[in-house]
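Below, read A as the first sequence line, B as the second, and so on, with proteins coming before strands; counting in each chain starts at 1. Atom set for the values below is all heavy atoms of this structure, side chains included, hydrogens, waters and symmetry mates excluded.
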Amino acid sequence: MIGLVDCNSFFVSCQVVFNPKLKGKPVVVLSGNDGCIVSRSREAKALGIKMGEPVFKVKHLIRKHKVYTFSSNFSLYADMSQRVMTILLSAAPRVSIYSIDEAFLDLSNIPREDLKYFAIDLKEKIRKWTGIPVSVGIAPTKTLAKVAVHKAKVDLSLKGIKIIKTKSEIDKELISFKVSDVWGIGRESARFLKFYGIDTAYQFTEMPDVWVRKNLKIFGLKTLKELQGSSHISFEEKHAPKKQIIRSRSFKNPIIEIEPLGEALASFAARAAYKLREQGSYAYKIGIFIRSSNYLQSHLRYSKSYEKKFITPTNDTSLLISATFECLEKIFQKGIGYKKAGVVLNGIVSQYEKQLGIFKKDQKELCASLIKVVDQINNKMGSKTVRYAAEGINERLRYRSEKKSKLYTTNWEDLLRVS
DNA sequence: TCTGGGGTCCTAGGACCC
DNA sequence: TCTGGGGTCCTAGGACCC
C-alpha cells in the first residue's frame, strides 16, 4: 500500500501557524508580483475565489469579505516543508517527496488493519509538531492514493483520512470520481474523453488498453493501469538531479532598456548557476527568453529566445552571465516593454560525464576556488551577500511583494515574541 | 492598471549517417 | 526510366504536474 500525505492549503497554513487569529478566516497567498491567487484557505474557497485567478478579478470579494492576503514567502514555506518532510522520513522506511507539500510513503510493512491508526497518529503528530494540517490517502497505487487524498479533503466526515483497499472499494470511489480530477488527466485529455462520453474515472477504467494507448499515449495507459489497481509509476525515493534549471520572473513594470533587463537576466543566471553547483552538475547549454506582456493584442506581442552552447560544460557564474549577455544582444529589440524574462540551463551533466575540451583549457583553478568562497559566504551570511556587479543593486524595484510576512523560522530578527 | 514560477516526459519531424 | 532500408540525434512544442 502507498500513502500520500498532502498539506492542506499549504502556503496559507504556513501563514496561519504564525498568525493563529487567522484560523477560520478567509486567507489567500499570492503569486510573485502579487499577481494571482495560488493558495486559499477553506473559507476563501467557499467565497468562490478560484485557484490561479488574477487578483484584480476578485478584488471585490477580497474587500467585501475582508479576505487576508499575503505575498508569497518561499523561504518560510520551504522551511516549513522541510519540517513536515523530516517527520515523514522518520515514519516510513521509504519516502518519495513529490512536491513542496506532498510526499508518498511506502506502507507495505504496516499490517492492513493498522493503516488507519497509523494515519491518525501521523496526522496528529504533524499538526502538533509543525502546526500544519494534512490529509492522508492510502491505496494500492500512487494514482489511487491521489484519489484517496482528494476524497479525504472534500468529504469533511472523513476527518482528513481516506483508505481504499479492496477492488470493490476502488470501484465504489471511482464511480463518483470525475475523470478530470484524476492525476495525469489534464484539460486536453479530459476534453477528449468527454467527447467519447467518459466523465467518471470508473468509465475510463473500462476502456480497452489499445484505445487508451493510441489516444492518450503511454502516460495515459499507465494512468489507466494504476486506476485498475496495478502499480505502473515507480516509487523513486531520492529525487534525481534536475535535467533543466529555469530561473525566471515577471516584472512589476515593463523594462524597456537593455541594461536593467541584462541585470535581471544576470541575477537569474547567477541563481541558476548556484542551483547547478548545488547538485554538482555542469551545463552544456544556456538559453534566455524575453517577452512582452501576454495580454497585449497578438500583433503587439514580442517573445524571443536564444540558446548558446559551450564546448565544455560549465557551472561558472561569470561564464554563464557573459553568455547571457551574448544571448541578449542577439534578440533584444528597442521599443518593447519586457514583462518577463528568464534563464534556462540545459544539457546538464554530472561531474563524471563532463567532457573536457581538446583545444581549450578547462575552467581555471582560480575561478573554481573563487566561486567556492562566494558560495560559502552566501550560504553562511545569506544569499546575495556577495554578488556580481552585473546583477545590479536595486533588485527590489523590479518586483512587487507588498504583503510579505516575516521570515519567522529563518531569520533571528523575525522570531516571534510571545508575551 | 493589475494576469506565477518552476519542473517532467513524450512525440513528431528534420537533419544527418551508412 | 527506375531511386532502399535501416538507423541516430536534436529540437520544438504539447501536455501534464505542483
Calculate the interatomic distance between [X] atom [atom1] and [N] atom [atom2]; express it in whole Å.
{"X": "A:L30", "N": "B:dG4", "atom1": "CG", "atom2": "C1'", "value": "11 Å"}
{"X": "A:N346", "N": "B:dT8", "atom1": "CG", "atom2": "P", "value": "9 Å"}
{"X": "A:I185", "N": "C:dG14", "atom1": "CD1", "atom2": "C1'", "value": "15 Å"}
{"X": "A:E402", "N": "B:dT1", "atom1": "CD", "atom2": "P", "value": "18 Å"}
{"X": "A:Y274", "N": "B:dG6", "atom1": "OH", "atom2": "P", "value": "16 Å"}
{"X": "A:N294", "N": "B:dC2", "atom1": "CG", "atom2": "C1'", "value": "14 Å"}
{"X": "A:R187", "N": "C:dC17", "atom1": "CZ", "atom2": "P", "value": "11 Å"}
{"X": "A:F104", "N": "C:dC17", "atom1": "CZ", "atom2": "C1'", "value": "11 Å"}

Answer with base, sugar-phosphate or nothing: what part of the nucleic acid does [X] contact at a heavy-atom distance below 4.0 Å?
{"X": "A:K340", "value": "sugar-phosphate"}
{"X": "A:K339", "value": "sugar-phosphate"}
{"X": "A:Y98", "value": "sugar-phosphate"}
{"X": "A:R249", "value": "sugar-phosphate"}
{"X": "A:E53", "value": "nothing"}
{"X": "A:Q244", "value": "base"}
{"X": "A:I245", "value": "sugar-phosphate"}
{"X": "A:V182", "value": "sugar-phosphate"}
{"X": "A:D34", "value": "nothing"}

Judged by modelled atom types alone, do [X] and [Y] share a side-chain donor-acceptor pair under 3.5 Å?
{"X": "A:Q279", "Y": "A:S281", "result": "yes"}
{"X": "A:T314", "Y": "A:D316", "result": "no"}
{"X": "A:D79", "Y": "A:T409", "result": "yes"}

Check whether any side-chain N or O of [X] sits under 4.0 Å from OP1 or OP2 of [N], and answer yes or no.
{"X": "A:S189", "N": "C:dC16", "result": "yes"}
{"X": "A:K217", "N": "C:dC16", "result": "no"}
{"X": "A:R213", "N": "B:dC10", "result": "no"}
{"X": "A:K146", "N": "C:dC17", "result": "no"}
{"X": "A:R271", "N": "B:dG5", "result": "no"}
{"X": "A:S248", "N": "B:dG6", "result": "yes"}
{"X": "A:K243", "N": "B:dC9", "result": "yes"}
{"X": "A:R247", "N": "B:dG6", "result": "yes"}
{"X": "A:K285", "N": "C:dT11", "result": "yes"}
{"X": "A:K309", "N": "C:dT11", "result": "yes"}

Quick check, are the ring centers of [X] and [Y] under 6.0 angstrom apart?
{"X": "A:Y77", "Y": "A:F74", "result": "yes"}
{"X": "A:F332", "Y": "A:Y338", "result": "yes"}
{"X": "A:F204", "Y": "A:F177", "result": "no"}

Tell me whether the ring of A:Y295 lies stacked over the B:dT3 base, given a 5.5 Å limit on centroids and a 30° limit on the plane angle. yes
Between B:dG4, B:dC10, B:dC2, which nucleotide has the shortest distance from any of its atoms to the side chain of A:I218? B:dC10
Is the shortest side-chain heavy-atom distance between A:L261 and A:F251 below 4.5 Å? yes
Does some side-chain heavy atom of A:L328 sit less than 4.5 Å from a side-chain heavy atom of A:I288? yes
Stems in DNA chain C: runs of 3 or more consecutive Watson-Crick or G-U pairs, distances under 3.5 Å? B:5-18 with C:5-18
So, applying side chain to side chain contact (heavy atoms under 4.5 Å, CB included) with A:F10, which one of A:V38, A:V134, A:V29, A:D101 is it? A:D101
Need to verify one output field. Residue with the more 5' nearest nucleotide on DNA chain B, A:F219 or A:F56? A:F56
